[in-house]
Asker: 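Quick one: the structure is below, questions incoming.
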Amino acid sequence: MKIATWNVNSLKVRLPQVLDWLAAQQPDVLALQETKLTDDAFPVEAIREAGYHCVYSGQKTYNGVAILARHELLDPLTDIDGLDDPQRRILAATVDGVRVINLYVVNGSEVGSEKYAYKLDWLGKVTGFIAGEMKRHEKLVVLGDFNIAPEDRDVHDPEAWHEKILCSTPEREALKKILDLGLSDCFRRFEQPEQSFSWWDYRAAGFRRNLGLRIDLILSSPALTETCTACIIDVEPRRLERPSDHAPVVAEFVS
DNA sequence: ATGGTTGCGGAGCAA
């Protein structure tokens, strides 16, 4: 089973790239973030023609998450207990016996800001939700744009980013609490090239100079972790004309 | 410290 995540930064703009990528890579599951589409505008038909089912939770202009899958998507969920949030950042569904939790984690803007406090609060509530889901589902993945670089080796310039947004200690501790539920960062289970990143700022030629961060993650529950055979970042779509600022991340599991 | 770019929506915010 091939499970992927991709922050597309507008599905309206990126739909052709997504369809091309689906055809080339044939993932079983693709979680999307920053679709930036209301549900009435979601391209259900084009995705169906590509051979995928979909569930989605969107809003105008900002945020928005979706899951595309070869098999049927069961028990979709868009809101969690104790988090009354108009921002569409969470989408869970079950595919082929695997609970898939797609997250577009709050960016947080700047350490110490109001948005930063919201990010940490949001992460705490989502951690509680994941804990509950793990009790109900042995095979589970939490994936998406975490907007947190787990370690300094996930940062092109750790000194420049020291205690900055996406890298601060409280953010990393919040991520660790999620990992401490028993989840594993699939990417780090395998040998990887140094300077592996999943996001590069559009500004200052970030991608050309590989000034990136690894903030897009696939976390797996123990039952899935032991079946994980590969995890890679596919940088090719980032090279395209008019790319997303994020690259897809792909994990493979054997059954 | 600032700026650099993209998307949305049609100015300025979010990332």
Side-chain angles (χ1 to χ4, degrees), chain A residues 5-21 30-43 46 56-66 83 85-91 102-123 126 143-150 154-168 170-172 174-175 197-217 233-249:
Chain A
T5 179
W6 193 5
N7 179 323
V8 289
N9 185 21
S10 169
L11 185 56
K12 186 177 177 181
V13 173
R14 234 65 69 189
L15 181 62
Q17 291 184 20
V18 170
L19 295 174
D20 286 350
W21 193 81
L30 174 59
L32 301 174
Q33 303 85 36
E34 284 204 88
T35 54
K36 299 186 176 179
L37 289 172
T38 51
D39 290 347
D40 61 292
F42 198 85
Y56 38 90
S57 177
Q59 66 184 90
K60 196 167 136 77
T61 313
Y62 301 116
N63 308 312
V65 282
L83 185 65
D85 193 352
Q87 300 189 23
R88 302 291 81 196
R89 299 178 173 278
I90 302 172
L91 181 59
N102 178 16
L103 301 180
Y104 174 47
V105 174
V106 178
N107 175 285
S109 185
E110 227 178 297
V111 173
S113 67
E114 212 168 284
K115 287 173 185 169
Y116 182 73
Y118 164 60
K119 179 178 196 172
L120 296 178
D121 179 67
W122 189 95
L123 283 163
V126 169
L143 77 176
D145 177 358
F146 280 72
N147 270 318
I148 302 170
D154 301 309
V155 180
H156 69 90
D157 186 346
E159 282 182 30
W161 284 82
H162 181 70
E163 295 301 335
K164 295 286 198 303
I165 196 67
L166 316 184
C167 299
S168 73
E171 290 167 87
R172 285 177 171 173
L175 174 60
F197 308 123
S198 66
W199 168 83
W200 304 259
D201 202 313
Y202 283 126
R203 297 166 288 186
F207 181 68
R208 185 179 56 74
R209 300 193 285 158
N210 198 30
L211 307 182
L213 302 180
R214 189 176 70 93
I215 56 177
D216 299 272
L217 311 177
I233 298 168
D234 181 5
V235 298
E236 292 309 314
R238 189 62 176 79
R239 302 187 203 282
L240 298 172
E241 197 88 7
R242 219 178 169 195
S244 168
D245 45 352
H246 294 252
V249 182

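Proteins get letters first, then strands, A, B, ... in listed order; numbering begins at 1 in each.
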Asker: Taking CD in A:E163 as the centre, count heavy atoms belonging to other residues, nucleotides or ligands within less than 6.0 Å. Is the count above 12?
Answerer: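 Above 12, so yes.
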
Asker: Would you say A:S10 places a side-chain N or O within less than 4.0 Å of OP1 or OP2 belonging to B:dC8?
Answerer: yes

Asker: If you compare every side-chain N and O of A:T61 against the phosphate oxygens of B:dG9 (OP1, OP2), does one of them come in below 4.0 Å?
Answerer: yes

Asker: When the P atoms of B:dA15 and B:dG9 are considered, how many whole Å apart are they?
Answerer: 15 Å

Asker: Say you pick atom P in B:dA11 and the same atom in B:dT2; how far apart are they, in whole Å?
Answerer: 26 Å

Asker: Can you measure A:Y104 atom OH to B:dA15 atom P for me and round it to whole angstrom units?
Answerer: 5 Å

Asker: Using the rule side-chain contact (heavy atoms from CB on, under 4.5 Å), only one of A:I215, A:V8, A:N9, A:T5 pairs with A:H246; which is it?
Answerer: A:I215

Asker: From the set B:dG9, B:dT5, B:dG7, return the single nucleotide nearest to any side-chain atom of A:R203.
Answerer: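 Of B:dG9, B:dT5, B:dG7, B:dT5 is nearest to the side chain of A:R203.
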
Asker: In whole Å, I'd like the distance from the NE2 atom of A:H246 to the P atom of B:dT6.
Answerer: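 Result: 14 Å.
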
Asker: Would you compute the distance between atom CD1 of A:I90 and atom CG of A:L83 and round it to the nearest 0.5 angstrom?
Answerer: 5.5 Å

Asker: Does A:E110 come within less than 4.0 Å of A:K115, counting only side-chain N to carboxylate O?
Answerer: no

Asker: Please measure how far the C1' atom in B:dA1 lies from the corresponding atom in B:dT6, and state the result in whole Å.
Answerer: 23 Å

Asker: Nearest to the A:K115 side chain among B:dG7, B:dC8, B:dA15, which nucleotide is it?
Answerer: B:dA15

Asker: What is the separation between atom CG on A:D145 and atom P on B:dA15, rounded to the nearest whole Å?
Answerer: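 Checked: the CG to P distance equals 10 Å.
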
Asker: Looking at B:dG9, I'd like to know if its phosphate oxygens (OP1 or OP2) sit under 4.0 Å from a side-chain N or O belonging to A:K60.
Answerer: yes

Asker: Return the value, rounded to whole Å, for the distance between atom CD of A:E114 and atom C1' of B:dA15.
Answerer: 18 Å

Asker: Can you list, by residue number, the residues of residues 12-20 of chain A that have a non-hydrogen atom closer than 4.0 angstrom to DNA chain B?
Answerer: A:V13, A:R14

Asker: Whole-Å distance between B:dC13 C1' and A:K36 NZ?
Answerer: 10 Å

Asker: Measure from the side-chain N and O atoms of A:E171 to the backbone N and O of A:L166, and report whether any donor-acceptor pair falls under 3.5 Å.
Answerer: yes

Asker: Using 0.5 Å steps for rounding, measure from the OG atom of A:S10 to the CD atom of A:E34.
Answerer: 9.5 Å

Asker: What residues, two or more places apart in sequence or in another chain, satisfy side chain to side chain donor-acceptor pair (under 3.5 Å) together with A:Y118?
Answerer: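 Only A:D85, A:Q87 meet the side chain to side chain donor-acceptor pair (under 3.5 Å) criterion with A:Y118.
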
Asker: Determine the Euclidean distance between corresponding P atoms of B:dA14 and B:dG10; express it in Å to zero decimal places.
Answerer: 15 Å

Asker: Side chain of A:R242 only, please: which of B:dG9, B:dA15, B:dG7 is the nearest?
Answerer: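 Taking heavy atoms from C-beta onward, the closest nucleotide is B:dG7.
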
Asker: Answer with base, sugar-phosphate or nothing: what part of the nucleic acid does A:F207 contact at a heavy-atom distance below 4.0 Å?
Answerer: nothing

Asker: Between P on B:dA14 and OH on A:Y116, what's the gap in Å once rounded to a whole number?
Answerer: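 From A:Y116 OH to B:dA14 P: 19 Å.
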
Asker: Taking the side chain of A:Y202 as its heavy atoms from C-beta onward, which of B:dG9, B:dT5, B:dA15 lies nearest to it?
Answerer: B:dT5

Asker: Under 3.5 Å, is there a donor-acceptor pair between the A:W200 and A:H156 side chains?
Answerer: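 No donor-acceptor contact under 3.5 Å links the two side chains.
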
Asker: Atom CD of A:Q33 to atom P of B:dT6: distance rounded to whole Å?
Answerer: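 After rounding, the gap between these two atoms is 21 Å.
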
Asker: How do A:V106 and A:L11 order along DNA chain B: which one's closest nucleotide is nearer the 5' end?
Answerer: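 The residue closer to the strand's 5' end, by nearest nucleotide, is A:L11.
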
Asker: Whole angstroms only, please: what is the OH-C1' distance between A:Y62 and B:dC13?
Answerer: 5 Å

